[in-house]
Amino acid sequence: MGVEILSNALRVTALLSGEIDHHTAAAIRMDIDSAISAQQPKTLRLDFTEVSFMDSSAIGLVMGRYRLLQAWGGQLEVVNLSDRNYKVMKLAGMQSLCMLKRKDEENESD
Amino acid sequence: MKAINQMKMTLESRSVNESFARVAVSAFAAQHDPTVEEISDIKTAVSEAVTNCIVHAYPETVGDIYIWVGLYENGMVRVRIKDKGCGIINIKQAMEPLFTTLGGERAGLGFAVMESFMDKVRVRSTPGKGTTVTMDKLIKGRCDGQG
């Protein structure tokens with residue numbers, strides 16, 4: 001459960017796993033923020049492949065990272081969402097803050 | 001209408017208990033043979049309501065969260081989540097999507113998520129006394145549409 005951070009020159013990828021709720025979001029947030037604050041990447045990608053459960057705390061996590069990235073004009077991508085979690089993110093209007101992609105959609109790799 | 005089966009539990013308002021609460025409620029509701037999707041709906045709604053107790057009802061202290069679940073003959077699951085915390089002064093405003101008193105990391109979508117995943121959500125609150133959230137969901141189950 002938690003987050004694994006991968007980074008290259010342009011992008012930081014956070015591989016999220018397990019359950020995202022108010023309890024687990026705090027540690028996930030700290031790990032992501034310490035990685036991106038240091039590097040100020042052009043793009044932050046949140047990868048939901050291994051996320052088995054999320055509630056609105058995951059939406060808060062996306063909104064909070066979006067605000068942080070604004071400080072240096074970084075972009076946010078939220079990828080590999082299950083159909084259900086994609087629906088929840090859209091319901092919350094997250095598509096206006098970042099790119100949302102479902103599990104089956106192609107992720108550009110670089 | 002009387003429940004055909006019910007369970008009660010009391011939890012301390014520690015965030016580590018959020019996952020236990022949603023799993024316990026959904027495990028009990030499993031007697032109605034819900035689909036995976038219906039189980040996820042209940043889990044998510046319970047997670048939101050319990051989180052509200054932890055972050056809003058008892059912001060500076062640890063208090064008790066009282067959970068009651070009733071199963072009904074017609075396939076309905078009723079979940080009642082009660083606290084004796086600070087209460088809500090303006091329920092209508094609290095239930096508006098994106099409204100939050102906390103800002104920052106909270107999306108303000110707790111009640112909106114509960115309402116979208118459950119059939120019915122009722123909130124009663126007395127400032128200084130506590131809040132009770134009651135949510136109903138009719139479990140159509142795995143047999144639905146398959147004869």
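Residue numbers start from 1 in every chain, and the chains themselves are labelled A, B, ... in the order their sequence lines are given, proteins ahead of strands.
- The residue among E105(B), K43(B), R14(B), E37(B) with the most heavy atom pairs within less than 4.5 Å of chain A is E105(B).
- In this structure a side-chain-to-backbone donor-acceptor pair under 3.5 Å is present from E48(B) to S56(A).
- With a threshold of 4.5 angstrom between heavy atoms, D41(B) approaches chain A through its backbone and through its side chain.
- When atom types are taken as modelled, the side chain of R84(A) and the backbone of S40(B) share a donor-acceptor pair closer than 3.5 angstrom.
- Counting heavy atoms from C-beta on, the side chains of M63(A) and R106(B) never come closer than 4.5 Å.
- Between atom CG of residue D55(A) and atom OG of residue S19(B) there is a gap of 11.0 Å, rounded to the nearest 0.5 Å.
- Defined by atom type and a distance below 3.5 Å, a donor-acceptor pair is missing between the side-chain atoms of H22(A) and T51(B).
- Heavy atoms of V55(B) lying under 4.5 Å from chain A belong exclusively to its side chain.
- Linking Ile, Leu, Val, Met, Phe, Trp and Tyr residues whenever their side-chain heavy atoms come within less than 4.5 Å leaves M118(B) and V113(B) in two separate clusters.
- Under a hydrophobic clustering in which Ile, Leu, Val, Met, Phe, Trp and Tyr are joined whenever their side-chain heavy atoms come within less than 4.5 Å, directly or via other members, Y72(B) and F28(B) fall into different clusters.
- In this structure, E18(B) and S57(A) have side chains that are not in contact, with every pair of non-hydrogen atoms separated by 4.5 Å or more.
- For chain A, the option among V16(B), L109(B), L98(B), V50(B) with the highest count of heavy-atom pairs below 4.5 Å is V16(B).
- Contact of V62(A) with chain B is not made at all, since no heavy-atom distance falls under 4.5 Å.
- Residues Y66(A) and I20(A) fall within the same hydrophobic cluster, defined by Ile, Leu, Val, Met, Phe, Trp and Tyr side chains chained together at heavy-atom separations under 4.5 Å.
- Around CD of E50(A), the count of heavy atoms belonging to other residues, nucleotides or ligands within 6.0 Å does not exceed 12.
- Taking hydrophobic clusters as Ile, Leu, Val, Met, Phe, Trp and Tyr residues chained together by side-chain heavy-atom distances below 4.5 Å, I39(B) does not share a cluster with I81(B).
- The local environment of CD in E73(B) is sparse, with at most 12 non-hydrogen atoms from other residues, nucleotides or ligands closer than 6.0 Å.
- A 6.0 Å sphere centred on CD1 of I89(B) holds no more than 12 heavy atoms belonging to other residues, nucleotides or ligands.
- Neither F53(A) nor L16(A) shares a network with the other; the hydrophobic side chains, linked directly or stepwise wherever heavy atoms of I, L, V, M, F, W or Y lie under 4.5 Å apart, form separate groups for each.
- The line from CG of N85(A) to OG1 of T44(B) is 8.0 Å long, rounded to the nearest 0.5 Å.
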